[in-house]
There are 2 protein chains.
Amino acid sequence: MTGASAIREKHDGEMVDRSNVRLWLRLLTCTTVIEKRLKRRFADQYGITLPRFDVMAALDRNPAGMTMGQLSQELLVSNGNVTGVVQTLARDNYISIAPSPTDGRASIVRLTQLGRECFTGIAEAHHEWIDMMLEGLTRDQRAALYDLLGALKISLADDKGKEQP
Amino acid sequence: MTGASAIREKHDGEMVDRSNVRLWLRLLTCTTVIEKRLKRRFADQYGITLPRFDVMAALDRNPAGMTMGQLSQELLVSNGNVTGVVQTLARDNYISIAPSPTDGRASIVRLTQLGRECFTGIAEAHHEWIDMMLEGLTRDQRAALYDLLGALKISLADDKGKEQP
DNA sequence: GCTTAAAACTTTAAGCTTGAAATATCGTAT
DNA sequence: ATACGATATTTCAAGCTTAAAGTTTTAAGC
């Protein structure tokens, strides 16, 4: 690890007409810094990984349970990935895997009592860490950033070179 | 910043609602979507991975060469990670690894002629893909987003819970 | 010269990630 | 009923990622 001082832009340099690339790199750097910081704190203070937290958070939002495919869609990761993360969470008794009563192909994944209890505390810390990291922005700045990212989401959905594999 | 708003801001650290978490999730989603899209296009059209592109981009900006440690710092990844990526790039003759003339511990990594030629075309495509993805934002929106992300970087640098590993 | 701490780097183990191939099941049109 | 394409999931290989432990070299003090 390079340490907390490495808050520099990934590819800063040419002031040419690369403003869009620079915007993207700044977006990437901010996200990377937050993600690595959360990852480290999850590991240090709770012995948990970010992907596991993400799965538990999705299950906490869906108490009725989710299929593997729903998890994959919601978390923007592959099916095979979900399989692996879910298996270790089940091994540690944080979640349960039950066959779907209506579809023999699907499984229903749920938080166990233990999983729900652990998750509550971790989510609280997660919430506080993010509050602290955003403390330097005013309320208006946060609102403006939220709205601009909404516009970016729309721009991404409209991206021309998107889908023709 | 008005005095009235400063009073409300005082308790932001323990906000009851989850607006900061939602802001973070939106930031993460936008970054993830762009990253996955770039990754897929790099793989499909050039048979290259994102980490390799990042290393080549760093070396392209530093024609005199870089040490492994410099690469690690600039790319925000660990030393061991750089070792692996650099080895495969060297195996494929995109980069060269030479011992440092002044420091027997260090190596100097450089783009080869082949690496530089390949990188130029890929970087051009990279630039265009990003332009297309940001097409839905006005010039003003891009500038505002860039500035807000700058403010976020400062906020992250000031994050209190930052260092106690 | 000798010792020693720090620095640059590599190795290792564990885990995440993906895409492709394999397996099993479902739904439906014969 | 049965054959067939679609769907849900698992398995697998290859690559990325990190932290921790190990190696070699440097530089500083004695």
Side-chain angles (χ1 to χ4, degrees), chain A residues 1-4 6 10 31-33 35-56 65-92 94 97-109 165, chain B residues 31-33 35-44 47-56 65-92 94 97-109 165:
Chain A
M1 255 312 243
T2 59
K10 219 170 183 182
T31 302
T32 303
V33 167
E35 210 167 13
K36 284 190 192 299
R37 212 169 278 179
L38 290 176
K39 176 186 176 179
R40 161 144 294 285
R41 295 181 192 175
F42 275 135
D44 285 352
Q45 302 189 24
Y46 295 99
I48 200 175
T49 65
L50 218 34
R52 285 184 213 188
F53 175 80
D54 289 341
V55 168
M56 293 176 80
M66 302 174 77
T67 65
M68 306 294 277
Q70 285 172 334
L71 276 169
S72 160
Q73 265 196 305
E74 182 143 336
L75 302 179
L76 302 180
V77 298
S78 68
N79 280 343
N81 181 0
V82 171
T83 296
V85 176
V86 159
Q87 277 172 356
T88 70
L89 277 172
R91 180 200 63 197
D92 298 341
Y94 289 123
I97 310 177
S100 166
T102 62
D103 187 334
R105 300 165 298 179
S107 324
I108 307 291
V109 183
Chain B
T31 302
T32 303
V33 167
E35 210 167 13
K36 284 191 191 298
R37 212 168 279 180
L38 290 176
K39 176 187 175 177
R40 163 144 292 286
R41 295 180 193 175
F42 275 134
D44 285 351
I48 200 175
T49 65
L50 219 33
R52 286 185 213 189
F53 175 80
D54 289 340
V55 168
M56 292 177 80
M66 301 175 77
T67 65
M68 306 294 274
Q70 286 172 333
L71 275 170
S72 160
Q73 263 197 307
E74 183 142 338
L75 302 179
L76 302 181
V77 298
S78 66
N79 278 344
N81 181 1
V82 171
T83 296
V85 176
V86 158
Q87 277 172 356
T88 69
L89 278 172
R91 180 200 63 196
D92 298 342
Y94 290 124
I97 310 177
S100 166
T102 64
D103 187 334
R105 301 166 300 179
S107 325
I108 307 291
V109 183

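First the proteins, then the strands, lettered A, B, ... as listed; each starts at 1.
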S.K.: Tell me what Thr49(B) touches on the nucleic acid: a base, only sugar-phosphate, or nothing, going by heavy atoms under 4.0 Å.
M.R.: sugar-phosphate
S.K.: Rounding to an integer number of Å, can you tell me how far Leu89(B) CG sits from dC16(D) P?
M.R.: 8 Å
S.K.: Please tell me if Asn81(A) has a side-chain N or O lying less than 4.0 Å from either OP1 or OP2 of dT18(C).
M.R.: yes
S.K.: Rounded to whole angstrom units, what separation is found between the CG atom of Leu71(A) and the P atom of dT18(C)?
M.R.: 13 Å
S.K.: Which sits closer to the 5' end of DNA chain D, Arg52(B) or Ile97(A), going by the nucleotide each is nearest to?
M.R.: Ile97(A)
S.K.: How many Å lie between CZ on Arg105(A) and C1' on dT25(C), as a whole number?
M.R.: 5 Å
S.K.: For dT11(C), take OP1 and OP2 only and decide whether either is under 4.0 Å from a side-chain N or O of Gln87(B).
M.R.: yes
S.K.: Any side-chain heavy atom of Ile108(B) within less than 4.5 Å of one from Thr67(B)?
M.R.: yes
S.K.: Within this structure, what is the CG-to-P distance between Asp44(A) and dT18(D), rounded to whole angstrom?
M.R.: 15 Å
S.K.: Of Met68(B) and Val85(A), whose closest DNA chain C nucleotide lies nearer the 5' terminus?
M.R.: Met68(B)
S.K.: Closest-nucleotide mapping onto DNA chain D: is Lys39(A) or Ile108(A) further toward the 5' terminus? I mean the 5' end.
M.R.: Ile108(A)
S.K.: Assign Ser100(A) to base, sugar-phosphate, or nothing according to its heavy-atom contacts below 4.0 angstrom with the strands shown.
M.R.: nothing
S.K.: Nearest 0.5 Å, please: how far is CD in Gln73(A) from CE in Met66(A)?
M.R.: 9.0 Å
S.K.: According to the Watson-Crick and G-U wobble definitions, with both distances under 3.5 Å, which nucleotide is paired to dC30(D)?
M.R.: dG1(C)
S.K.: Quick one: are Asp54(B) and Glu74(B) in side-chain contact, heavy atoms under 4.5 Å?
M.R.: no
S.K.: Nearest 0.5 Å, please: how far is NZ in Lys39(B) from OG1 in Thr49(B)?
M.R.: 8.5 Å
S.K.: Can you measure Leu38(B) atom CG to dC16(D) atom P for me and round it to whole angstrom units?
M.R.: 16 Å
S.K.: Want to settle it: does Thr102(A) or Val82(A) sit nearer the 5' end of DNA chain C, counting the closest nucleotide to each?
M.R.: Val82(A)
S.K.: Checking all strands, does Gly80(A) fall into the base, sugar-phosphate, or nothing category for heavy-atom contacts under 4.0 angstrom?
M.R.: base
S.K.: Taking Val77(B)'s backbone N and O only, do any of them form a donor-acceptor pair with Ser72(B)'s side chain (distance below 3.5 Å, no angle check)?
M.R.: yes
S.K.: Nearest whole angstrom, please: distance from the C1' of dC16(C) to the CZ of Phe42(A).
M.R.: 16 Å
S.K.: Looking at dG19(C), I'd like to know if its phosphate oxygens (OP1 or OP2) sit under 4.0 Å from a side-chain N or O belonging to Arg40(B).
M.R.: yes
S.K.: To the nearest Å, how far apart are Asn79(B) CG and dG22(D) P?
M.R.: 17 Å
S.K.: With sugar-phosphate meaning primed atoms plus P, OP1 and OP2, does Leu76(A) contact a base, only sugar-phosphate, or nothing at under 4.0 Å between heavy atoms?
M.R.: sugar-phosphate
S.K.: Would you please confirm or rule out a distance under 4.0 Å between OP1 or OP2 of dA8(D) and any side-chain N or O of Thr67(A)?
M.R.: no
S.K.: Counting distance only, does the side-chain N/O of Asp103(B) pair as donor-acceptor with the main-chain N or O of Arg105(B) below 3.5 Å?
M.R.: yes
S.K.: Between C1' on dT17(D) and CG on Asp54(B), what's the gap in Å once rounded to a whole number?
M.R.: 13 Å
S.K.: Quick check on dT17(D): is either OP1 or OP2 less than 4.0 Å from any side-chain nitrogen or oxygen of Lys36(A)?
M.R.: no
S.K.: Considering only side-chain heavy atoms of Val77(A), which listed nucleotide, dA8(C), dT18(C), dT10(D), is closest?
M.R.: dT18(C)
S.K.: NA contact type, Gln73(A), heavy-atom cut-off 4.0 Å: base, sugar-phosphate, or nothing?
M.R.: nothing
S.K.: Counting the atoms with a prime plus P, OP1 and OP2 as sugar-phosphate, which does Gln70(B) contact under 4.0 Å by heavy atoms, base, sugar-phosphate, or nothing?
M.R.: nothing
